[in-house]
*Asks:* 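I'd like to ask some things about the structure below.
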Amino acid sequence: MKRIAVFAHYDKDGKLSNNVLKLLGHLEAVCERIIMVSTNLHADQLDLLPPKVECFVRENVGYDFYSYKFGIEKIGNVYIYDQVLLLNDSFFISSSFNIQSILEIADNSIYDICGLVDSYQFNYHVQSFFVVLKKEALVSVWFGEFWRNVTILDKKTDIIFKYEIGMSQSAMSHSLLVGSCYQWSSKSYLQALFNSYKKKNWKLMALSFFSLKYLREGNACHLLWKDIYNQFSICKWEAVRDYPEAVEYIEKGRGEDAVEVKDYLVNKASFYKGKKIDDLLNDIGHTSTQLYFSSENLPSRVTDKSIETAVVLHLFYLELLDEIIRYLKNIPVKFDLYISVVSLGAAFEVEEKFKHFTNANVYVYYVENRGRDVAPFLSLFNTGLLDKYNSVCKIHSKKSLYSAQGTNWRQGIYNELLGSTTRVLSIINQFENDPHLGMIGPEQSYLINDEFWGANKERVQELCLKIGIDKEQVTLSFFAGTMFWFNPRAINSITKLCITADDFDFENGMQDGTLAHALERIFVLLARQKGYKISTTEYLDTELQDGNYINQRIPVL
């Protein structure tokens with residue numbers, strides 16, 4: 001068995017701890033090579049390293065995953081190896097630690113990627129502090145693609161979801177088998193339930209009433225630290241920091257283990273508190289909003305059935321959120337707010353902003369940056385979650401950077417749709433009183449002149465034909481900017497197109513001719529085909545007459 005290890009290291013003092021040296025010694029016994037990547041090791045420490053260790057010191061950016069990428073690139077021909085081990089320095093090993101026994105479990109498992117411990121926290125994944133990548137994974141298309149795309153991210157939350165969780169999820173999407181050495185038993189669930197109660201983890205306790213299996217959304221390295229320590233002689237350092245009973249249990253063992261743990265608690269624990277990705281992952285989820293971290297993982301239902309109004313916001317430009325919140329405060333009724341963002345760090349910033357926003361139930365979901373605001377909207381619409389509402393406002397953080405008038409246009413649209421409590425209440429009441437009202441859009445953004453087809457006419461005709469609208473019936477009529485109030489039943493035939501986020505191109509700045517631009521021009525057509533009325537914010541109770549808009553122009557187009 002030809003193995004190579006990539007070991008990610010960081011020490012606040014730039015030194016090699018006894019724990020790290022012991023771990024490297026164990027790796028020497030089972031690996032042909034060890035690539036150690038440190039972000040701050042002092043030169044005088046290099047002589048302490050075992051002979052097989054090739055040490056590289058790099059800039060302290062990107063956390064452990066970028067160290068893993070850096071080390072993998074130093075391997076050279078990875079295909080000559082049967083396994084690559086990925087490890088970091090975030091765990092304590094006792095004197096009875098035996099890496100060979102762990103590798104035997106991994107070798108005998110069915111998994112192509114085998115971690116020491118797994119979790120269902122937010123999405124299934126193996127924890128990245130100890131992972132075995134077998135030959136099947138190394139020769140797969142996934143391996144090169146995933147590590148090639150690992151970049152330096154400055155937010156730990158982005159790293160957690162894109163790499164910590166994303167590694168397992170992307171591997172499984174390539175048909176690789178992912179699992180862990182530690183296997184939960186009936187005893188494990190009961191122990192996890194007991195520890196959840198002791199640590200006042202009420203979220204896990206509540207979930208466990210439905211099924212004990214929900215306990216696996218917790219962190220096994222915390223909930224089951226004792227079981228993992230007894231089986232593998234490993235304990236995560238954050239468990240040592242946070243669980244006095246873990247320290248007491250370790251100190252009952254060999255004396256040298258107690259000395260090492262005490263040294264860590266005295267000299268390093270306070271510094272590392274909150275520094276590691278694993279620590280942050282344990283805290284995520286204690287939020288006032290509800291976060292769903294991919295467009296494929298949106299909630300299957302919304303709990304408050306009495307709410308009849310919703311807002312759908314695509315937030316690409318996070319810096320516009322304060323402006324948007326000022327308009328959302330004009331909504332005088334309780335509403336559901338769905339926010340799509342293109343980075344996981346943004347999701348948590350949004351959560352923080354809405355922590356004290358009591359007038360809405362807030363749902364945040366992460367999407368890839370493709371399809372502008374339209375792809376995230378369809379991802380949500382296709383779930384059926386919007387079907388229950390009488391009125392929905394669709395908006396997004398529009399800048400129109402190609403025009404100096406972009407800010408004026410955006411704020412003009414916001415003012416027309418959400419400019420005052422009186423205006424918003426009038427719009428909501430109009431939908432309540434008129435079941436045949438399909439859409440209310442900004443008066444100044446309605447366009448029908450053929451010059452605004454752009455490069456989209458043929459594509460719109462093709463899409464309409466799939467829904468049952470003949471080519472001869474397709475006329476240009478749309479609210480430029482794709483922001484409007486609507487009745488979800490008026491446009492639900494769009495689900496017949498079966499369009500998903502994968503059908504959209506990745507964002508590259510195109511100003512016309514994309515699927516998103518074609519769909520922008522289809523919503524009014526869908527509502528009219530089903531017999532719904534179209535109005536504007538200027539004339540709420542009157543169906544608009546296209547002839548009145550033949551000469552209307554928008555400066556930015």
*Asks:* Can you sort out the partners of E319 under side-chain contact (heavy atoms from CB on, under 4.5 Å), two or more places apart, ordered by chain and number?
*Replies:*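 side-chain contact (heavy atoms from CB on, under 4.5 Å) check on E319 returns Y317, K399.
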
*Asks:* Search all heavy atoms of C31 against all heavy atoms of L85 and return the closest pair with its distance.
*Replies:* SG-CD1, 3.9 Å

*Asks:* Identify, with sequence neighbours excluded, every residue that meets side-chain contact (heavy atoms from CB on, under 4.5 Å) alongside A516.
*Replies:* R372, V374, F504, T514

*Asks:* Can you name the closest pair of heavy atoms from G371 and P376 and give their distance?
*Replies:*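 Shortest heavy-atom separation between G371 and P376 comes out as O-CD, 4.2 Å.
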
*Asks:* Counting only N and O atoms by type, is there a donor-acceptor contact under 3.5 Å from the side chain of S168 to the main-chain atoms of I165?
*Replies:* no

*Asks:* Among all residues two or more places apart in sequence or in another chain, which pass the side chain to side chain donor-acceptor pair (under 3.5 Å) test with D373?
*Replies:*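 Residues passing side chain to side chain donor-acceptor pair (under 3.5 Å) with D373: K394.
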
*Asks:* Does the N19 side chain pair with the main chain of I93, one donor and one acceptor, at a distance under 3.5 Å?
*Replies:*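 The answer is yes, because a donor-acceptor pair under 3.5 Å joins these two groups.
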
*Asks:* Are E256 and E260 side-chain neighbours, meaning at least one heavy-atom pair lies under 4.5 Å?
*Replies:* no

*Asks:* Out of the candidates I34, V20, L24, only one should pair with L49 under the side chain to side chain contact (heavy atoms under 4.5 Å, CB included) rule; please name it.
*Replies:* L24

*Asks:* I'd like to check the side chain to side chain donor-acceptor pair (under 3.5 Å) partners of D263; sequence neighbours left out, ordered by chain and number.
*Replies:* N267

*Asks:* Where the side chain of D11 meets the backbone of L41, is there a donor-acceptor pair that is under 3.5 Å apart?
*Replies:* no

*Asks:* Kindly write out the residues that satisfy side chain to side chain donor-acceptor pair (under 3.5 Å) with K2, not counting sequence neighbours, or none if the list is empty.
*Replies:*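 For K2, the residues satisfying side chain to side chain donor-acceptor pair (under 3.5 Å) (neighbours in sequence not counted) are E32.
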
*Asks:* Do you know which two heavy atoms are closest between T39 and E59, and how far apart they sit?
*Replies:*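 That would be CG2-O, 3.8 Å.
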
*Asks:* Give a yes or no on this: more than 12 heavy atoms of other residues, nucleotides or ligands lie within 6.0 Å of atom CZ of F194.
*Replies:*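 Counting neighbours around CZ of F194, 12 or fewer heavy atoms of other residues, nucleotides or ligands fall under 6.0 Å, so no.
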
*Asks:* Start with the C-alpha gap between K236 and N219, add the side-chain angles, then the distance that decides, and say whether side chain to side chain contact (heavy atoms under 4.5 Å, CB included) holds.
*Replies:* CA-CA 11 Å; K236 291 284 285 180; N219 188 334; over 6 Å; no

*Asks:* Work out which heavy atom in G179 is nearest to a heavy atom in Y124; give both atom names and the distance.
*Replies:*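 Heavy atoms of G179 and Y124 come nearest at CA-OH, 3.4 Å.
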
*Asks:* Would you check, one step at a time, whether the test side chain to side chain contact (heavy atoms under 4.5 Å, CB included) holds for L223 with S196?
*Replies:* CA-CA 7 Å; L223 294 174; S196 296; 3.5 Å; yes

*Asks:* Can you tell which of F92, F91, W225 makes a ring pair (Phe, Tyr, Trp, His ring centres under 6.0 Å) with W237?
*Replies:* F92

*Asks:* Would you check if the side chain of Q191 reaches a backbone N or O of L224 as a donor-acceptor pair within less than 3.5 Å?
*Replies:*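 Absent.
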
*Asks:* Roughly how far apart are I102 CD1 and L116 CG, rounded to 0.5 Å?
*Replies:* 5.5 Å

*Asks:* Strictly by salt bridge (Lys or Arg N to Asp or Glu O under 4.0 Å), give each pair with a member in residues 112-133 just once, sequence neighbours left out.
*Replies:*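 Listed once each, the pairs are D118-R216.
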
*Asks:* With a 4.5 Å cut-off on side-chain heavy atoms, are L87 and L27 touching?
*Replies:* yes

*Asks:* Write out all pairs satisfying salt bridge (Lys or Arg N to Asp or Glu O under 4.0 Å) with one or both partners inside residues 138-151, taking only residues at least two apart or from two chains.
*Replies:* none

*Asks:* Contact between K262 and E251 at the side-chain level, heavy atoms closer than 4.5 Å - yes or no?
*Replies:* yes

*Asks:* Side-chain contact, heavy-atom cut-off 4.5 Å: I75 with Y81?
*Replies:* yes

*Asks:* Between atom CG of D107 and atom CD of Q100, what is the distance when rounded to the nearest 0.5 Å?
*Replies:*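 Atom-to-atom, D107:CG and Q100:CD are 7.5 Å apart.
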
*Asks:* Drop me the distance from S188's OG to I228's CD1, to the nearest 0.5 angstrom.
*Replies:* 8.5 Å

*Asks:* State which residues pass side-chain contact (heavy atoms from CB on, under 4.5 Å) with T151; sequence neighbours excluded, sorted by chain then number.
*Replies:* L153, Y163

*Asks:* To the nearest 0.5 Å, how far apart are SG in C181 and CZ in F130?
*Replies:*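 The CZ atom of F130 is 7.0 Å from SG of C181, to the nearest 0.5 Å.
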
*Asks:* Give me the atom names and distance for the closest heavy-atom approach of V178 to A171.
*Replies:* CG2-CB, 4.1 Å

*Asks:* To the nearest 0.5 Å, how far apart are OG in S90 and CD in E238?
*Replies:* 6.5 Å

*Asks:* List for me each residue that meets side chain to side chain donor-acceptor pair (under 3.5 Å) alongside W142, sequence neighbours excluded, and say none if there are none.
*Replies:*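 Testing W142 for side chain to side chain donor-acceptor pair (under 3.5 Å), a comparison that skips the adjacent residues, returns S170.
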
*Asks:* Tell me yes or no: between the side chains of Y68 and S128, is some donor less than 3.5 Å from an acceptor?
*Replies:*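 S128 and Y68 do not have a side-chain donor-acceptor pair below 3.5 Å.
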
*Asks:* Would you say the side chains of N88 and Y63 form a donor-acceptor pair under 3.5 Å?
*Replies:* no

*Asks:* Counting only N and O atoms by type, is there a donor-acceptor contact under 3.5 Å from the side chain of K135 to the main-chain atoms of Q83?
*Replies:*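 Answer holds: no.
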
*Asks:* Is there a side-chain contact between Y264 and S17 (heavy atoms, below 4.5 Å)?
*Replies:*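 A side-chain contact under 4.5 Å is absent here.
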
*Asks:* State which residues pass salt bridge (Lys or Arg N to Asp or Glu O under 4.0 Å) with K353; sequence neighbours excluded, sorted by chain then number.
*Replies:* D322

*Asks:* Do you know which of Y363, Y365, F381, F377 makes ring pair (Phe, Tyr, Trp, His ring centres under 6.0 Å) with Y338?
*Replies:*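 Per the ring pair (Phe, Tyr, Trp, His ring centres under 6.0 Å) rule, the option paired with Y338 is Y363, out of Y363, Y365, F381, F377.
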
*Asks:* Are R370 and E368 close enough, and set up right, to give a salt bridge (charged side-chain N to carboxylate O under 4.0 Å, His left out), and what steps lead you there?
*Replies:* CA-CA 6 Å; R370 57 165 78 187; E368 291 182 291; 3.7 Å; yes

*Asks:* Would you confirm whether D257, through its side chain, and S95, through its main-chain N or O, come within 3.5 Å as a donor-acceptor pair?
*Replies:* yes

*Asks:* Specify the closest pair of heavy atoms between L318 and L315, including all atoms of both residues, with the distance to one decimal.
*Replies:* CD1-CD2, 3.6 Å

*Asks:* In Å, rounded to the nearest 0.5 Å, how long is the span from CG of L48 to NE2 of H42?
*Replies:* 13.0 Å

*Asks:* Indicate yes or no for a side-chain donor-acceptor contact from K398 to the backbone of G481 under 3.5 Å, with no hydrogens or angles considered.
*Replies:* no

*Asks:* Go through the steps for L16 and H9 under the test side chain to side chain contact (heavy atoms under 4.5 Å, CB included), then give the verdict.
*Replies:* CA-CA 9 Å; L16 294 167; H9 170 265; 4.2 Å; yes

*Asks:* Do Y243 and H222 have their ring centres less than 6.0 Å from each other?
*Replies:* yes

*Asks:* What residues, two or more places apart in sequence or in another chain, satisfy side-chain contact (heavy atoms from CB on, under 4.5 Å) together with L265?
*Replies:* V240, V247, V261, A269

*Asks:* Within the distance-only criterion (no hydrogens, no angle test), does the side chain of S397 pair as donor or acceptor with the backbone N or O of F316 below 3.5 angstrom?
*Replies:*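 Yes, because the side chain of S397 sits within donor-acceptor range (under 3.5 Å) of the backbone of F316.
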
*Asks:* Kindly determine whether K22 and F97 satisfy side chain to side chain contact (heavy atoms under 4.5 Å, CB included), including the steps that lead there.
*Replies:* CA-CA 9 Å; K22 282 195 300 182; F97 176 73; over 6 Å; no

*Asks:* Just by modelled atom types, is the T500 backbone N or O under 3.5 Å from a matching donor or acceptor in the D503 side chain?
*Replies:* yes

*Asks:* Parallel under 30°, tilted from 30 to 60°, perpendicular over 60°: which one fits the rings of F65 and W147?
*Replies:* parallel

*Asks:* Sorted by first residue and then second, give each side-chain hydrogen bond (donor to acceptor under 3.5 Å, both in side chains) pair with at least one member in residues 43-55; sequence neighbours left out.
*Replies:* R33-E54

*Asks:* Donor-acceptor check, side chain of K69 to backbone of V150, threshold 3.5 angstrom: yes or no?
*Replies:* yes

